[in-house]
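All remarks here apply to the structure that follows.
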Amino acid sequence: MLFLCVHAFAQQEYAATNTVLSAETSAYLSVETSATETVDDSASVHLDDSAPVRDLGVSEVAAPMPSAVEKAPSYEEITAEAWEGKPYSAAELLGTLPGVQSYRQGGLGSFESVSIRGIAAREVVICIDGVPVNDGSGGATNLATIDLNQIEKVEVYRDRVPAKFGGAGIGGAVNFVTKSANRDMNSAGNLDKSSESNSGKNRGSNLGKNRATGKVLVSYGSHNFWEGAAQIGVSVTDSTQFSTAISARHSDNDYEFTNRNGTPYNEDDDFTDVRRNAEFTEYAGQFKYRTLHGNGAFSTIGANVTKSEGGNPGREDYQTKVAGYKGETAQLSYGFEAPGLLENSLWLGAGIAGRFQKDVSHSYYPLDHIGYESADYLEYGAAGYRLIPQATAAYVGDNLDANLRISGGLDRYEARGGFSDWRLSRYSGNAAGDFEYRVVKAVSVGGEGSVQAIKDNIHGGKFVMPTGTSTIENADDRDISYGGRGFVKFAASQTPSSQASSSQASRPSFGANASIGRFYRQPEIMELYGVSPGTVSNPDLREESAIRFEAGLSASTPKNASVLRATYFESHIENGIYWFSSANFLKAMNLDKTLVRGVELELQSHPAKFVNYTMRATFQHTEDCSGHDSYDGNMLPGEPARSYFNEIQLLLPLHLDASFSAEYRTKIYTDRANKIEQPATPRYRAALGFSPLERTRIIAAVDNISDETYRNIYSPFPTPGREFKITITQGF
């Protein structure tokens with residue numbers, strides 16, 4: 001069951017393109033200014049033949065590959081070209097990055113999540129347009145509900161939760177940026193720093209009156225999978241712009257699997273079965289409107305709506321026809337920005353965002369797998385609301401970049417379904433900031449910090465305690481939380497390719513970075529006061545905290561033909577919150593200590609105009625240091641010791657392009673005692689693209705080529721085997 005928790009309305013980083021970018025994204029985005037922007041997804045763009053390109057799977061890529069030092073150490077940005085038409089879900093896409101592990105429980109719509117650098121999925125802050133959507137129960141966010149057809153790009157922070165998201169979290173952050181009216185704007189209405197037109201005085205001057213662009217996408221594949229999406233953006237006047245996008249997707253999820261007939265260790269009675277009552281359907285839409293004011297300030301309004309429903313078939317040997325779920329979400333935001341103060345150095349902003357989510361599950365109990373109705377009908381779930389006001393300030397100087405964000409939050413959760421009524425509220429205040437100071441051209445130092453205060457109200461409800469059901473009049477007071485991080489970066493970089501002489505462009509680049517910080521996460525309100533069926537309250541939960549260290553080296557060959565990065569990471573986590581089960585009851589408890597350390601390696605190579613190659617690897621050691629006789633020294637659940645990702649992308653004659661990827665992870669355990677083991681798993685994907693016309697593209701893709709059939713015998717969600725799909729996109 002999903003619940004809602006939303007923490008912040010994002011402040012995007014501000015900088016003119018003729019300045020060095022802030023600590024959040026380093027110069028990773030600034031390299032885009034040295035190449036012509038892509039006007040349409042299928043349009044060709046002329047580049048210097050010596051400039052390597054990114055995302056070779058789409059031939060219209062328009063930006064040179066960033067050098068190792070231009071890219072922020074633990075920041076990744078994934079654009080739509082990386083997944084469009086390819087067999088990736090949101091979690092699987094993130095799992096291709098170093099240090100990120102993805103988990104998927106079944107077919108389309110089944111639960112998906114990611115962990116980052118050995119830190120559990122529930123600790124990773126997931127955002128949509130800068131608004132965190134982690135649910136109030138403290139569980140991991142279900143990434144299966146995110147339709148990539150609504151997404152323009154994905155921002156991944158593996159080392160921390162940035163100040164612009166509130167800084168509260170210990171496992172990093174992922175921000176899904178929805179499609180915008182014009183590529184010069186990002187989701188919150190702030191101009192993308194990569195646009196050449198984005199110096200403070202001429203913001204919006206490139207909008208162009210009555211210019212419309214758009215795209216239509218349709219796909220069909222295995223198990224009656226289909227999806228459709230349409231997007232249009234219009235510049236109504238020189239200062240007014242809007243966009244809208246709609247999408248829908250569905251799968252019967254009736255794939256074959258091995259049914260062990262209730263005897264997982266006896267293969268003699270196994271048989272091939274088909275999933276039933278596993279269908280998933282989702283509809284999504286979004287709208288954005290932006291207008292520039294006469295004084296150079298501008299306002300942005302955005303809205304996102306999603307509705308999904310599906311069946312829940314149960315275990316492989318006990319499939320049911322009478323269980324399912326429904327989910328609804330809506331997000332509305334308004335932002336105002338006043339740029340260009342103090343000679344275009346100071347930008348001020350204010351905004352407010354609201355989010356609503358309702359998730360309800362239903363079933364008959366006892367579950368009747370034959371399909372006859374039972375008198376004992378169960379319906380349970382929760383609805384969550386959040387309101388987030390905020391004020392921001394950003395300063396961009398010759399040697400100093402700084403950001404400040406002050407925000408509040410009001411959360412409210414209510415029962416849905418037939419269970420006893422309950423209400424929970426949380427009031428929060430947050431202040432977060434960051435800065436980067438360039439000591440000399442090649443050396444920068446900086447830091448960030450955040451402070452958070454919360455107040456809970458449980459409205460005098462009855463909650464299940466270890467000794468039975470009791471009435472709690474008031475919620476326990478929570479301590480004020482704080483966190484901070486310091487870093488240093490060294491960059492011996494070549495001049496960007498558009499400005500470099502031939503001798504400068506032939507020089508290699510080198511970079512180094514190091515950071516250390518303390519991070520925190522307060523228990524979610526439903527971790528403290530369990531309200532779901534079978535959960536037990538624990539108002540004594542302590543704040544989670546972590547000391548995290550990172551050190552990295554990077555290098556690129558002349559003309560950025562190859563880029564190599566290596567990063568060492570280490571995390572010491574205290575009071576980590578885990579859910580423990582006993583006698584069909586769940587209770588959130590603090591785990592004393594855990595340790596994670598590891599190395600990430602990444603190589604991106606462009607040895608020829610027609611080929612790109614990417615190799616990524618993660619080596620990590622995760623350890624339970626609780627001191628408990630049964631768990632001390634064990635691996636943390638869900639974390640492999642090694643994982644690998646390799647991909648090759650080719651531009652072929654006759655307007656063809658192809659990609660092939662291979663992934664592998666070593667065994668993982670699904671429990672703290674390390675008794676339930678999932679063996680090592682390989683996965684292979686391939687896609688072939690054809691562009692017969694300038695704005696038309698056809699992609700044929702296959703997932704799980706080897707037809708890996710391993711199923712976790714303890715899970716009710718087997719994994720699909722080989723799947724095919726074909727996608728057609730048309731731009732206009």
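Throughout, residue positions are numbered sequentially from 1 according to the sequence presented.
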Open item on the list: Counting neighbours of CG on Leu341 that are heavy atoms of other residues, nucleotides or ligands and sit closer than 6.0 Å, is the number greater than 12?
Closed with: yes
TODO: For Tyr103, look at atom OH and say whether over 12 heavy atoms of other residues, nucleotides or ligands are found less than 6.0 Å away.
DONE: yes
Interatomic distance, [X] atom [atom1] to [Y] atom [atom2] [nearest 0.5 angstrom]:
X: Leu564; Y: Leu601; atom1: CG; atom2: CG; result: 7.5 Å
X: Leu387; Y: Leu410; atom1: CG; atom2: CG; result: 6.5 Å
X: Leu97; Y: Ser643; atom1: CG; atom2: OG; result: 10.5 Å
X: Arg521; Y: Glu527; atom1: CZ; atom2: CD; result: 4.5 Å
X: Ile146; Y: Ser89; atom1: CD1; atom2: OG; result: 10.5 Å

Task: side-chain contact (heavy atoms from CB on, under 4.5 Å) against Ala80, all qualifying residues, sequence neighbours excluded - done: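 In terms of side-chain contact (heavy atoms from CB on, under 4.5 Å), with neighbours along the sequence ignored, Ala80 is linked to Trp83.
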Open item on the list: Taking side-chain contact (heavy atoms from CB on, under 4.5 Å) as the definition, give me every residue that meets it alongside Val114, ordered by chain and number, with sequence neighbours left out.
Closed with: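 side-chain contact (heavy atoms from CB on, under 4.5 Å) check on Val114 returns Ala91, Leu94, Val100, Ser102, Leu143.
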TODO: Give the intermediate values and the outcome of side chain to side chain contact (heavy atoms under 4.5 Å, CB included) for residues Asn646 and Tyr613.
DONE: CA-CA 8 Å; Asn646 292 270; Tyr613 176 69; 2.7 Å; yes
TODO: For Gln522 and Arg478, run side-chain hydrogen bond (donor to acceptor under 3.5 Å, both in side chains): C-alpha distance rounded to whole Å, both residues' side-chain angles, the deciding distance at 0.1 Å, then the answer.
DONE: CA-CA 8 Å; Gln522 282 281 6; Arg478 310 299 303 176; 3.3 Å; yes
Are [X] and [Y] side-chain neighbours, meaning at least one heavy-atom pair lies under 4.5 Å?
X: Gln452; Y: Tyr520; value: yes
X: Asn575; Y: Glu543; value: no
X: Glu600; Y: Arg117; value: yes
X: His572; Y: Arg518; value: no
X: Phe176; Y: Ile126; value: yes
X: Leu528; Y: Arg426; value: yes
X: Val396; Y: Trp347; value: no
X: Asn403; Y: Thr392; value: no

Minimum heavy-atom separation for [X] and [Y], please, with both atom names.
X: Ser554; Y: Arg565; value: CB-CG, 3.7 Å
X: Glu639; Y: Gly118; value: OE1-CA, 3.5 Å
X: Phe569; Y: Val599; value: CE2-N, 3.7 Å
X: Gly171; Y: Val124; value: O-CG2, 3.5 Å
X: Asn134; Y: Arg122; value: ND2-O, 4.1 Å
X: Ile516; Y: Phe549; value: CB-CD1, 4.2 Å

- [ ] Carefully, step by step, assess Ile573 and Ile170 under the rule side chain to side chain contact (heavy atoms under 4.5 Å, CB included).
- [x] CA-CA 9 Å; Ile573 306 168; Ile170 66 175; 4.1 Å; yes
Are the side chain of [X] and the backbone N or O of [Y] linked by a donor-acceptor pair below 3.5 Å?
X: Thr666; Y: Ala641; answer: yes
X: Glu123; Y: Ala120; answer: no
X: Asp434; Y: Ala163; answer: no
X: Asn513; Y: Lys489; answer: no

Task: Test: Arg597 cationic atom under 6.0 Å from Tyr568 six-membered ring centre, within 45° of axis - done: no
Open item on the list: Does Arg405 qualify as a cation-pi partner of Phe165, given the criterion of NZ or CZ under 6.0 Å from the six-membered ring centre and within 45 degrees of its axis?
Closed with: no
Looking at residues at least two apart in the chain, or sitting in another chain, which of them share a side chain to side chain donor-acceptor pair (under 3.5 Å) with [X]?
X: Ser571; answer: Arg548
X: Ser444; answer: Glu436
X: Asp624; answer: Ser626, Arg672
X: Tyr427; answer: none

Task: Residues Gln620, Thr622; criterion side chain to side chain contact (heavy atoms under 4.5 Å, CB included); working and verdict - done: CA-CA 6 Å; Gln620 63 181 18; Thr622 63; 4.1 Å; yes
Task: Sidechain N-carboxylate O distance under 4.0 Å for Asp401, Arg438 - done: yes
Open item on the list: Asn175 and side-chain hydrogen bond (donor to acceptor under 3.5 Å, both in side chains): which single residue from Glu155, Lys153, Glu77 fits?
Closed with: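 Single side-chain hydrogen bond (donor to acceptor under 3.5 Å, both in side chains) partner of Asn175 among Glu155, Lys153, Glu77: Glu155.
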Task: Evaluation steps, side chain to side chain contact (heavy atoms under 4.5 Å, CB included), between Glu647 and Arg616 - done: CA-CA 9 Å; Glu647 182 178 48; Arg616 295 167 176 149; over 6 Å; no
